[in-house]
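Below: the structure, in structure tokens.
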Amino acid sequence: MKAIEIKPGVYWVGAIDWAIRDFHGYTTPNGTSYNNYLVMDDQITLFDTVKHDFSKTTIDNIRSLVDPAKIRNIVVNHIENDHVTSLADVMALTPDAAIYITEKGRKGLARFFDILKWDIKVVKTGDTLNIGKRTLLFLETPMLHWPDSMMTYIKEDKLLISQDAFGQHYASSARFDDEFITYHSAAELEEAVKDYYANILMPFGALIKSKIAEVLKLGLEIDMIAPDHGIIWRKDPAKILNMYLEMANGKADLRVVIIYDTMWQSTELMSGSIMQGIRDEGVDVQVIKLRANPNSVAIKELWKARGCLIGSPTLNNSMFPTVGDFLVYLKGLRPKNRLVGAFGSYGWGGGAVKDIYEEFRKIGLEAVEPGLQVLYRPSVEDEDKCYEFGREFARRVKSYHAQF
Ligand code: FEO
């Protein structure tokens, strides 16, 4: 896709990755984009680069506007590989450009490249850089979502260049929110935002709230937010800020998601009866089998729902491996404000349900105990127990949800 003017003199010069389906383990069925931006001012300034596979694409986009040798400044808002690995290719074309980056970013950059020959300028929150008709304001956002992360605000354009924050993994010919809603739908955009937040930003809710409060306190007027992935928020930037605040405050739907795996369908049969009990209690319920879905889909659905039940058969005195894999992924994302429980079948000693509750304790999730275990195969009586287990869990979720 060619360069696109997003504000007078400000251009998207990034790349669309239509084919990527595995983004460092995060399944991306819709692909993604790597957004970077070129500001044509007295000092031509580039914001971030792209994943190295697309180095030529972004350089061609820059070249369609200006000789890259004329770039004077490169702002590195974030040093993760998908944004920084083309930096050396760009610097080879304009070796005297100054790089503006946080101190943590400078240290990290030195692990990727030999930076001794580069003119590195370390910046911190509140520092400014005049590039002609515009002044850039740097805002450190450490751990949103890496230690080096920062955003840059351009007052004259009321533009926040926000690196990963407010992004989505979605390859589309739409570059703006209003275009995306026309080509796809508003619901699909919200789903993409929630998917990205759940899989990337879930651990950082408190930081998100404090950083948005800091930006509001600074009184920055923002009429466009340009992230490093997905669409640019030009029609309704307030929408994405509000969505982030809601998600950071633990917003969820009154719904239970059952996430399970199964060996000989006993745990699967249990999940069916539990699902019926939840539904008959008037609570929406969704069922996700782990071997039929990527972890990132299960995480998104867990994040959207107030309650979650994890089901696993016992294999060799422990939980089923796919369930263990999912719980490791979940633990890193540190979910909050969700009520959980566990169930599963076993043959002799059991162990899966106990292990799952142990993981809940480590994560710090509030759990409904005891869980439910069934020997070998659910009998008619066991199916009734599963149904009642589902009804009781749904009642507890309704009561828990009322706090929010
Ligand atoms: Fe899109 Fe944290 O990289």
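Predicted model, so just to flag it, every value in this text is computed and none were measured. Numbering of ligands and ligand atoms starts at 1, following listing order.
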Self-check item: Under 3.5 Å side-chain donor-acceptor pair for Y329 and N199
Solution: yes
Self-check item: H145: partners by ring-ring contact (aromatic ring centres under 6.0 Å, His included), with sequence neighbours left out
Solution: H78
Exercise. Give the minimum heavy-atom separation between C308 and F393, together with the two atoms involved.
Key: O-CZ, 3.7 Å
Quiz prompt | Within residues 275-297 or reaching into it, pairs that qualify as ring pair (Phe, Tyr, Trp, His ring centres under 6.0 Å) - sequence neighbours excluded | solution = none
Quiz item: Salt bridge or not for E156 and K7, using N-O below 4.0 Å?
Solution: no
Practice problem: Can you run down the ring pair (Phe, Tyr, Trp, His ring centres under 6.0 Å) pairs that involve residues 240-290, sequence neighbours left out, and say none if there aren't any? | Solution: F166-Y244, Y197-Y244
Exercise. Check atom 2 (Fe) of ligand 1 and write out every protein N, O or S atom at under 2.8 Å, as residue and atom.
Key: H78 NE2, E80 OE1, H145 NE2, D164 OD2
